[in-house]
There are 2 protein chains.
Amino acid sequence: MKKRITIKDIAKELNVHHSTVSRALRNDPRVNEVTRDAVLAYAREHEYQTNMNAVQLRGTSNNAIALIVPNINHSFFSDIVSKLTNLAYSKGYVISVFQTNEKYQQEKEIVNTIIRHNFAGVIVSIAKDTVNSDHFGVLSKFGIPLVFFDRICEDVPTPKVKINNYEITAKATEYLIKKGYRNIAHLTATTSINVFRDRENGYLDMLKKYGLEYQQPIMVQDDFSIELGKKLLSGLWNMPVKPDAIISSSVHMTVGIMLEARKSGIRIPEDLGLITFGSLLSSEIIEPQVTCIEQPEAEIAEISFDLLEKMISHEIEIGKSIEKTVEAEIIFKKSC
Amino acid sequence: MKKRITIKDIAKELNVHHSTVSRALRNDPRVNEVTRDAVLAYAREHEYQTNMNAVQLRGTSNNAIALIVPNINHSFFSDIVSKLTNLAYSKGYVISVFQTNEKYQQEKEIVNTIIRHNFAGVIVSIAKDTVNSDHFGVLSKFGIPLVFFDRICEDVPTPKVKINNYEITAKATEYLIKKGYRNIAHLTATTSINVFRDRENGYLDMLKKYGLEYQQPIMVQDDFSIELGKKLLSGLWNMPVKPDAIISSSVHMTVGIMLEARKSGIRIPEDLGLITFGSLLSSEIIEPQVTCIEQPEAEIAEISFDLLEKMISHEIEIGKSIEKTVEAEIIFKKSC
DNA sequence: TCTATCTTTGCACACGTTTGTATTTTGCTC
DNA sequence: GAGCAAAATACAAACGTGTGCAAAGATAGA
């Protein structure tokens with residue numbers, strides 16, 4: 001096990017000062033060509049690697065970006081994580097991914113970790129649990145660039161990338177109404193998060209517009225899951241007035257709904273219309289194919305990264321509120 | 001925008017030396033109780049956060065772990081990434097996730113990045129492209145703990161966590177044979193990776209054992225995808241001797257195969273038996289439900305992390321070869 | 001040869017921590 | 001209050017790098 005070679009080791013070996021080596025490695029024109037080549041050759045030979053801790057400590061530069069998401073293994077987030085990671089890599093940044101598991105407490109500790117490690121910037125989609133945004137305020141206070149995407153903190157002045165959840169849910173609801181569905185339920189999560197609040201409002205406003213009384217926005221506390229979807233449908237089916245359509249905020253729940261429907265002999269779309277947020281890898285195979293609301297993951301990743309990069313390079317000042325909205329799209333299939 | 005508070009700022013404010021503050025923050029018994037409380041109070045008050053760059057530069061400690069995977073948005077890897085991230089978090093580590101996109105070049109650069117940033121340890125599943133393992137050798141040479149999982153470099157002496165690919169593929173093949181299938185094709189990837197080589201050998205050996213001639217291990221170069229699955233099945237179906245069963249190394253391809261089969265009127269399992277590695281979120285809904293080989297993601301994550309942790313704490317010496325094998329499981333369904 | 005300019009290198013300090021050692025302060029005993 | 005041990009604090013060096021400034025060396029013009 002060899003010890004890592006440093007700039008001083010090279011300097012000693014080549015009988016120059018370590019500052020000269022430093023300059024040589026960074027192609028500073030002030031250093032003579034022959035010494036530079038000697039340094040570079042020696043460095044390559046001995047597999048020299050800059051110690052980023054020293055560089056960052058000195059405050060010269062920092063190419064580390066942190067990414068905070070509720071889950072890594074939900075396709076919406078894993079797609080964005082994957083795209084952001086590639087984007088960052090192509091621009092010379094290094095991305096660290098953190099997972100809150102939807103817990104406020106973990107999110108807070110993660111933010112502290114990020115501050116401790118001097119990341120150059122942070123991209124976040126907040127946890128369902130998160131009610132207080134102080135921890136993100138601290139980030140900005142310390143001058144660390146911050147961009148929210150999808151699930152955002154309204155009260156933190158910083159760039160935000162949102163999806164048109166209100167409009168798209170209203171549109172989905174109206175589509176169901178026009179197809180003749182009257183008792184439309186909405187399976188969603190806590191309204192303390194903009195995403196779910198917007199969806200709920202789009203849903204409710206559209207029902208109101210058409211004078212429909214059956215309002216069933218169901219705020220679930222638990223994590224979206226197949227089991228939860230099953231349970232919710234069987235619960236709804238035991239109510240005095242059954243729903244005749246469902247808008248589901250998660251593919252996981254949607255799968256559960258379909259399984260429970262099949263088990264209970266509920267026919268889709270005849271007995272129950274179905275629209276879901278998100279899409280499945282296997283969506284084409286499933287019968288009936290489900291009408292779904294596709295979210296533009298690639299666009300979100302690109303815009304978010306672009307905003308963060310501009311903050312890092314001071315093109316956008318820290319603490320400036322910018323809101324970008326990207327558009328989701330309804331893919332019409334056979335489930336309603 | 002406030003500047004970050006440092007240990008020296010606290011010292012100046014409280015009229016003590018910064019070394020005393022350092023000890024106070026780390027609960028060193030040598031520092032008086034009242035000064036310690038004063039320091040802690042002031043630190044909390046002003047949101048002091050340790051500068052990990054300084055700590056790590058000094059070489060005292062390092063709680064950063066790097067994770068290298070080919071893709072983040074494939075369920076096998078995203079599950080493992082998710083579990084490892086949680087595991088690491090619960091033990092006080094911070095995980096950075098890197099994605100190679102199956103490219104050797106990116107993998108090499110990522111390893112250099114990891115060395116530059118002084119990570120405490122690395123967990124890797126290598127890219128399909130990776131033929132040379134020198135870059136991982138460098139890691140060990142610098143004394144950085146390294147654990148391989150699933151896709152490993154055989155020639156790097158370090159702990160490895162593998163799946164019993166040979167046995168499980170042999171078992172799957174034998175199952176198909178006993179069900180009466182005779183022309184079994186195997187859709188897989190480059191044999192330069194242990195995973196795919198083991199599967200191929202398990203497949204071939206079992207065919208040989210039963211004296212079957214039809215051997216069709218198809219090594220695909222491209223990334224596994226739905227489109228590729230479609231193309232492969234239609235290609236196979238145009239051959240003089242059609243396969244009557246397929247073992248697929250990826251759920252993506254499997255979805256493509258099923259779509260193409262449906263389009264071309266190929267009945268599963270009557271005309272074509274099907275077994276796939278991996279499982280789908282929606283696997284229960286798909287008709288027919290596919291017999292699949294489930295890989296123990298949680299177990300892999302746990303064992304890998306455990307090994308790495310033991311290397312970091314010097315319970316396992318760097319450069320020691322340890323091989324653990326975990327068992328995949330065939331979930332029998334209706335597709336064969 | 002002297003001075004002026006340019007090129008190249010060296011010096012020293014700073015970034016924020018930790019830690020071994022030296023120094024001061026406190027508390028105790030007689 | 002002197003003496004001494006124990007407790008608390010201060011000092012200094014180190015980790016590896018980057019950079020402003022000084023110094024030395026080279027070149028050129030007169």
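Residue numbers start from 1 in every chain, and the chains themselves are labelled A, B, ... in the order their sequence lines are given, proteins ahead of strands.
By the ring pair (Phe, Tyr, Trp, His ring centres under 6.0 Å) test, B:Y48 pairs with no residue at all, sequence neighbours left out. Taking B:H17 as the reference, nothing meets the ring pair (Phe, Tyr, Trp, His ring centres under 6.0 Å) condition, with sequence neighbours excluded. With sequence neighbours excluded, the residues that form a side-chain contact (heavy atoms from CB on, under 4.5 Å) with A:K324 are A:I303, A:L307, A:I322. Checked against side-chain contact (heavy atoms from CB on, under 4.5 Å), A:D37 has the following partners two or more places apart in sequence or in another chain: A:E33. Scored by the ring pair (Phe, Tyr, Trp, His ring centres under 6.0 Å) test, B:H46 finds B:Y42 as partners (sequence neighbours excluded). With sequence neighbours excluded, the residues satisfying side-chain contact (heavy atoms from CB on, under 4.5 Å) with A:A120 are A:N62, A:I312.
Between A:K8 atom NZ and C:dG10 atom P there is a gap of 14 Å when expressed in whole angstrom units. The nearest whole Å value for the distance from the CG atom in B:N51 to the P atom in C:dG16 is 7 Å. Atom NZ in B:K12 sits roughly 13 Å away from atom C1' in C:dG16 (whole-Å rounding). The separation between A:N62 atom CG and C:dG16 atom P is 14 Å, rounded to whole Å. Per the geometry, CG belonging to B:N27 stands 12 Å off P belonging to C:dT18, to the nearest Å. Regarding B:D9, its CG atom lies at a distance of 8 Å from the P atom of C:dG16, rounded to whole Å. Rounded to whole angstrom, the span from the CE atom of B:M52 across to the C1' atom of C:dT18 amounts to 13 Å. Look at CD1 on B:I5: it is 15 Å from P on C:dC15, rounded to the nearest Å.
Of all nucleotides in DNA chain D having an atom under 4.0 Å from a heavy atom of chain A, the first and last in 5' to 3' order are D:dG16 to D:dA22.
Looking at which nucleotide of DNA chain D each of B:N32 and A:Q49 is closest to, the 5′-most match is held by B:N32. Summary of the strand contacts: B:G59 and B:P29 both lie near DNA chain D, and taking for each the nucleotide with the nearest heavy atom, the more 5' one is attributed to B:P29.
Among the protein residues, A:N118 comes within range of no part of the nucleic acid, since none of its heavy atoms lies under 4.0 Å from any strand. Contacts of B:S22 with the nucleic acid, taken as non-hydrogen atoms under 4.0 Å apart, include base atoms. Among the heavy atoms of the strands, none lies under 4.0 Å from B:D28.
Taking five base pairs at each end of the helix from C:dT1-D:dA30 to C:dC30-D:dG1 and finding the rotation axis that steps the C1' atoms of four pairs onto the next four gives two axes whose angle is 60°, to the nearest 10°.
The nucleotide whose nearest atom lies closest to any side-chain atom of A:H18 is, among C:dT18, C:dC13, C:dG16, C:dC13.
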Can you give each donor-acceptor pair under 3.5 Å made by side-chain atoms of residues 53-60 of chain B, sequence neighbours left out, with the distance rounded to 0.1 Å?
from: B:N53; atom 1: OD1; to: A:Q56; atom 2: NE2; distance (Å): 3.2
from: B:N53; atom 1: ND2; to: A:N118; atom 2: OD1; distance (Å): 3.4
from: B:Q56; atom 1: NE2; to: A:N53; atom 2: OD1; distance (Å): 3.2

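The closest side-chain heavy-atom distance from A:K128 to A:R151 is below 4.5 Å. The side-chain heavy atoms of A:N86 and B:N101, taken from C-beta on, include a pair separated by under 4.5 Å.
Listed in residue order, the members of residues 34-42 of chain A having a heavy atom less than 4.0 Å from DNA chain C are A:T35.
Between A:E102 and A:A127 the shortest heavy-atom distance is C-CB, 3.2 Å.
Listed by first then second residue, pairs satisfying ring-ring contact (aromatic ring centres under 6.0 Å, His included) with a partner in residues 133-158 of chain B read B:Y104-B:H135, B:F136-B:F148, not counting sequence neighbours.
The CG atom of A:N27 lies 6.5 Å from the CG atom of A:L40; values are rounded to the nearest 0.5 Å. To the nearest 0.5 angstrom, A:I163 atom CD1 is 3.5 Å from A:I300 atom CD1. Between the OG atom of B:S133 and the CG atom of B:D155 there is a distance of 3.5 Å, given to the nearest 0.5 Å.
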Task: Nucleotide-resolved protein contact map, nucleotides 20-25 of chain C, B/S/- at heavy-atom distance under 4.0 Å - done: BB----
